[in-house]
Amino acid sequence: MAVLMLVIGIAIAPRDVDLYAQHMESLMAKGDYQEALKVGERSDKTNRKLLQLRMEALNHEHLLGERLFQYPITGKGDEFIKKGGDYELCGYLINKDLDRFAEVLPRHYKIDKQLPRYYKQALIQYNHLRSNRPVNYQDEVLETDYQDMQRLEAQYPDKKARQVAVFRQYEGTYWYFYAYLH
């Protein structure tokens with residue numbers, strides 16, 4: 001019975017993602033980007049086409065740096081880097097290239113509290129990786145959250161248990177993506 005369930009799950013999963021992509025394309029063609037972003041939003045399944053559609057819809061709604069990592073990510077960000085703007089910044093984040101991200105960010109945004117959510121989280125992560133930085137961003141609340149995550153990680157010597165514990169509290173953050181995904 002377990003093997004049958006596994007086979008059914010494997011056979012259905014790609015169809016779900018294809019249906020999500022078709023439905024998103026239909027909604028986006030009608031100009032309903034907000035509704036398109038709801039398609040498959042609770043699913044952990046994705047493919048490259050679905051990621052591209054989500055990024056297009058998020059960009060249209062000016063939410064790319066605010067919501068991208070709430071969705072599953074697949075592949076590298078290289079093709080997005082070529083598009084410039086928020087696509088480029090998110091491409092660097094997908095690639096975990098925080099040096100290039102920090103270098104390019106000031107060309108597109110003023111470095112202040114108004115930055116999109118994931119850009120701020122990436123800068124906090126970057127602060128902990130580099131002492132000599134082209135961008136210096138400080139946010140006491142985010143810094144506290146990041147340090148809380150590090151303390152939580154330190155409580156679990158087992159890698160799998162650590163990931164589960166961090167997932168429960170930090171899933172959907174750039175920090176979780178950077179440390180555990182992709």
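Below, each value reflects all heavy atoms present in this structure, side chains not excepted, and no hydrogens, waters or symmetry copies.
Remark: the backbone N or O of Q22 is not paired with any side-chain donor or acceptor of S26 at under 3.5 angstrom. With hydrogens and angles disregarded, a donor-acceptor distance shorter than 3.5 Å links the side chain of E66 to the backbone of R117.
Judged by distance alone, the side chains of Y20 and D18 never bring a donor and an acceptor atom under 3.5 Å apart. Judged purely by distance below 3.5 Å, without hydrogens or angles, the side chains of D86 and Y109 pair a donor atom with an acceptor atom. A side-chain donor from one of Y92 and R100 sits under 3.5 Å from a side-chain acceptor of the other. In the model, H60 has no side-chain atom that pairs as donor or acceptor with a side-chain atom of Q34 under 3.5 Å.
Comment: E88 does not engage K82 in a salt bridge, judged by the lack of any side-chain N to carboxylate O separation of less than 4.0 angstrom. Salt-bridge formation is detected for the pair R48/E79: a Lys NZ or Arg NE/NH1/NH2 atom is positioned less than 4.0 Å from an Asp or Glu carboxylate oxygen. Using a 4.0 Å cut-off between a side-chain N of Lys or Arg and a carboxylate O of Asp or Glu, K38 and E41 do not qualify as a salt bridge.
Between Y119 and Y137, the gap from one ring centroid to the other reaches at least 6.0 Å. Remark: aromatic rings of F167 and Y180 are distant, center separation not under 6.0 Å. Aromatic rings of Y174 and Y118 (six-membered ring for Trp) have centroids beyond the 6.0 Å cut-off, not under it.
Each of L50 and L64 belongs to its own hydrophobic cluster when Ile, Leu, Val, Met, Phe, Trp and Tyr are linked at side-chain heavy-atom distances under 4.5 angstrom.
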